[in-house]
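Working notes, beginning with the structure itself.
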Amino acid sequence: MAIKNAYLADLMERVIKRNPGEPEFHQAVSEVLESLEPVCEKYPEFITKGVIESIVEPERIIKFRVPWVNDKGEVVVNRGFRVQFNSAIGPYKGGLRFHPSVYEGIIKFLGFEQIFKNSLTGLPIGGGKGGSDFDPKGKSDAEVMRFCQSFMTELCRHIGADTDVPAGDIGVGAREIGYMFGQYKRIRNEFAGVLTGKGLTYGGSLVRTEATGYGLCYFTKAMLAAKGESFKGKTVVISGSGNVAIYANEKATALGAKVVAMSDSNGYIYDKNGIDLALVKEIKEVRRGRIKEYVDVHKDAEYKEGCSGIWSIPCDIALPCATQNELNEESAKALVRNGVKAVAEGANMPSTPEAIHVFQSNGILFGPAKAANAGGVATSALEMTQNSMRYSWTFEEVDAKLEGIMEDIYNKSAAAAEEFGMTDNLVAGANIAGFMKVARSMLAYGVC
Ligand code: NDP
Ligand code: 2IT
C-alpha cells in the first residue's frame with residue numbers, strides 16, 4: 001500500500017525524518033496521504049500552493065512540566081502536552097488523554113486525525129489534542145485534583161473559548177474536566193466555554209457523555225442501512241469498557257442488537273446472554289474497578305486474561321472502542337473467519353493498516369474512526385454553541401442533531417469515495433471529505 005505520487009512519497013519520507021520515533025504519527029499521516037493521491041491529481045494546487053506541505057506540520061506544540069504532590073507528600077513530575085494542529089476552520093478542538101503511554105507522538109497522531117474528523121462534523125472546529133503521561137489509575141480523588149489543577153495552571157495560558165477548547169479522552173472524564181474547569185475559572189476569572197464535557201450544572205450539554213458511543217451506533221446504523229442491513233438481531237463485540245464502549249453498548253442494545261463481550265487493558269468478559277450493562281456501569285463508572293469483577297456476579301459469564309482474544313469471539317458487528325492498534329491483522333482474519341459483517345471504530349486508529357486491508361479486501365463494511373467516532377466532538381461543538389448562546393437544548397434536541405450529523409458524515413464519506421473512484425472505501429472517503437473543507441480554507445488564506 002505504498003504511496004505512488006512522487007511528491008507525496010517524498011513528503012512522507014520527510015515527515016518520518018522530521019518526527020523520529022513517532023510511529024503512530026507516521027501511521028496516521030501515511031493513511032491520509034495515500035487517500036489524497038487522486039485528490040492531488042484533480043487539484044494540483046493543493047500541492048503547488050503548499051497546503052499538503054503545511055497540513056502535516058502542527059501550527060504549535062506546547063510541552064510543559066506538571067509538578068504535583070501525592071498523598072504521601074512527595075513531589076511527582078509529569079509531562080503535559082497540547083498540540084494545536086490546525087485552526088483553518090475554527091478554534092483548535094480535541095480531547096486530553098491522561099495515560100502512562102502518552103508522549104508527543106501519540107498526541108500528534110490524535111491531533112492530526114482530529115483535523116479531518118472535526119471538519120467532517122460540518123461544524124466550525126479546528127484540530128488539536130493534548131494530555132499527559134499521568135496515570136489516574138489507583139490515584140485518590142485528591143491526587144487527581146492536585147494533578148488537574150497543576151496541569152491547568154500552565155494550560156490556561158494557551159486555551160480559550162475562541163482559541164482552543166479541550167475535552168476528555170482516555171483517562172479524562174467528568175471528574176477531571178470539573179477540576180480543570182474550576183482551576184481555569186479561578187486563574188482567569190472568567191466563566192467561559194473553554195472546555196467541553198462539563199457537568200450539567202456548570203455549562204455541560206446533555207448527551208455529551210453518551211455522544212461518542214451513541215454516534216458510533218448512528219454511523220454504523222447508516223452504514224448498515226445503505227446495504228439493507230440493521231442492528232436488529234445482530235451479535236456485537238465491543239472492546240474497552242470506558243466512556244465510548246459503555247454508551248456504544250447502550251445504543252446498540254437499544255437498536256435491537258445483543259452485545260456479548262467487553263474488555264479492559266487486562267482482559268475480556270464474554271456473556272452469551274448479553275452483557276449486563278448496569279453492572280458494567282457500576283463497576284467502571286462508580287467503583288472505578290476492573291472488568292473481571294463482572295464474573296463475580298454473573299457466574300455463567302467467562303473472563304479471560306489478555307485483550308486481543310476478544311476478537312476471536314464470533315460476532316456480526318465489531319466495535320473496537322479501547323485504544324490505537326488494538327486490532328491487528330491476525331485478529332481481523334479471526335473476525336472475518338467467524339463471519340463479521342461490519343466493523344466500526346469507536347477508538348482512534350484501533351485497527352492496524354494490515355487489519356483494515358483484511359476487512360476491505362474481504363468486503364466487510366468498515367467505518368473508520370475519523371467518521372465513526374466523530375459524534376463525541378460534534379456534540380462538544382454543540383456544547384460550545386449552547387455556551388455561546390447561554391442556553392441549553394433538551395436531550396431529545398441534542399440527540400436528534402447528533403444522529404443527523406452522523407448520517408451526514410456517512411453520506412459525505414460514501415459520496416467522496418464514489419467521486420474519486422473508490423466506491424465503498426470509507427477510509428478514503430472520510431479522509432478526502434474531511435480534507436477538502438480544511439484545504440479550501442487554507443488556500444483562501446494564502447501562505448500562513
Ligand atoms: P476511557 O478512559 O473512558 O476508557 C478507555 C478504555 O480503553 C478502558 O476500558 C481502558 O482499559 C481501555 N484501554 C485504554 N488503554 C488501553 C490499552 N493501552 N490497551 C488496552 N485497553 C486500553 O476512554 P474513552 O472511552 O473515552 O476512549 C476510548 C477510545 O475512544 C480512545 O481511543 C479515545 O481516543 C477514543 N475516543 C474517545 C472520545 C470521547 O468522547 N471520550 C471521542 C472519540 C474517540 P483500562 O481501564 O484497563 O485502562
Ligand atoms: O477523539 C475525540 O474526538 C475526542 N476525544 C473528543 C474531543 C472533543 O473535543 O470532544
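As the structure lists them, so they are numbered: ligands from 1, and atoms in each ligand from 1.
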Exercise for the section: Answer with yes or no whether Arg208 contacts ligand 2, where contact means a heavy atom under 4.0 Å from a ligand atom. Expected result: yes
Fill in the blank from the handout: If you scan protein heavy atoms around atom 41 (N) of ligand 1, the nearest is Asn243 OD1, 3.7 Å
Practice task
Report yes if some N/O of Pro166 lies less than 3.5 Å from some N/O of ligand 2; otherwise report no.
Solution key: no
Fill in the blank from the handout: Within the 4.0 Å heavy-atom cut-off, what Gln324 brings close to ligand 1 is neither
Practice task
Report yes or no: is the cationic atom of Lys304 (NZ for Lys, CZ for Arg) closer than 6.0 Å to the six-membered ring centre of Tyr268, at no more than 45° off its axis?
Solution key: no
Practice task
Say whether, by atom type as modelled, one donor and one acceptor occur between the side chain of Gln360 and the main chain of His357 under 3.5 angstrom.
Solution key: no
Exercise for the section: Mark whether atom 10 (C) of ligand 1 lies under 4.0 angstrom from at least one protein heavy atom. Expected result: no
Exercise for the section: Using a strict 4.0 Å threshold on nitrogen-to-oxygen distance, state whether Lys341 and Asp316 make a salt bridge. Expected result: yes
Fill in the blank from the handout: for atom 2 (C) of ligand 2, nearest protein heavy atom and its distance come out as Lys117 NZ, 3.2 Å
Completion exercise
Here the atoms of ligand 1 under 4.0 Å from any heavy atom belonging to Ala347 are 29 (C), 30 (O), 32 (O), 35 (C)
Practice task
Around atom 48 (O) of ligand 1, find the nearest protein heavy atom and jot down its residue, atom name and distance.
Solution key: Lys137 NZ, 2.8 Å
Practice task
Check whether the ring centres of Phe109 and Phe85 lie less than 6.0 Å apart, and answer yes or no.
Solution key: no
Practice task
Please report which non-hydrogen protein atom sits nearest to atom 6 (C) of ligand 1, along with the residue it belongs to and the distance in Å to one decimal place.
Solution key: Gly242 N, 4.0 Å
Completion exercise
for atom 9 (O) of ligand 2, nearest protein heavy atom and its distance come out as Lys93 NZ, 2.6 Å
Problem - Nearest neighbour in protein (non-hydrogen) for atom 23 (O) of ligand 1 - result: Ile170 CA, 3.4 Å
Exercise for the section: State if Ala374 counts as touching ligand 2 under the rule of any non-hydrogen atom under 4.0 Å. Expected result: no
Exercise for the section: Hey, can you tell me if Phe359 and Phe366 have their rings parallel, tilted or perpendicular (30° and 60° cut-offs)? Expected result: parallel
Problem - Nearest non-hydrogen protein atom, atom 43 (C) of ligand 1 - result: Thr212 CG2, 3.5 Å
Problem - Geometric cation-pi criterion, Lys108 with Phe25: 6.0 Å, 45° - result: yes
Exercise for the section: Assess Glu113 for proximity to ligand 2: is some non-hydrogen atom of it under 4.0 Å away? Expected result: no
Problem - Min side-chain heavy-atom separation Met384-Lys93 under 4.5 Å - result: yes
Fill in the blank from the handout: shortest atom 4 (C) of ligand 2-to-protein heavy-atom contact is with Lys129 NZ, 3.7 Å
Problem - Distance from atom 7 (C) of ligand 2 to nearest protein heavy atom, with residue and atom - result: Gly95 N, 3.5 Å
Problem - Ion pair Arg65/Glu154, N-O distance below 4.0 Å - result: no
Practice task
Please find out if less than 6.0 Å separates the ring center of Phe151 from that of Trp68.
Solution key: no
Problem - NZ (Lys185) with more than 12 external heavy atoms under 6.0 Å - result: no
Problem - Phe98-Phe147 aromatic ring centre distance below 6.0 Å - result: yes
Exercise for the section: Taking only Lys NZ, Arg NE, NH1 and NH2, and the carboxylate oxygens of Asp or Glu, determine whether Asp408 and Lys412 approach each other closer than 4.0 Å. Expected result: yes
Practice task
Would you mind checking which non-hydrogen protein atom is closest to atom 17 (C) of ligand 1, with the distance to 0.1 Å?
Solution key: Thr323 CG2, 3.4 Å
Practice task
Measure the distance from atom 15 (N) of ligand 1 to every protein heavy atom, then report the residue, atom name and distance (to 0.1 Å) of the closest one.
Solution key: His99 NE2, 3.6 Å
Practice task
Considering the heavy atoms of Gly346, write down every atom of ligand 1 situated less than 4.0 Å from one of them.
Solution key: 30 (O), 35 (C), 36 (N), 44 (C)
Handout entry: Distance from atom 10 (O) of ligand 2 to nearest protein heavy atom, with residue and atom
Key = Ser380 OG, 2.5 Å
Practice task
For atom 37 (C) of ligand 1, find the nearest protein heavy atom and state the residue, atom name and distance (0.1 Å precision).
Solution key: Val244 CG2, 3.4 Å
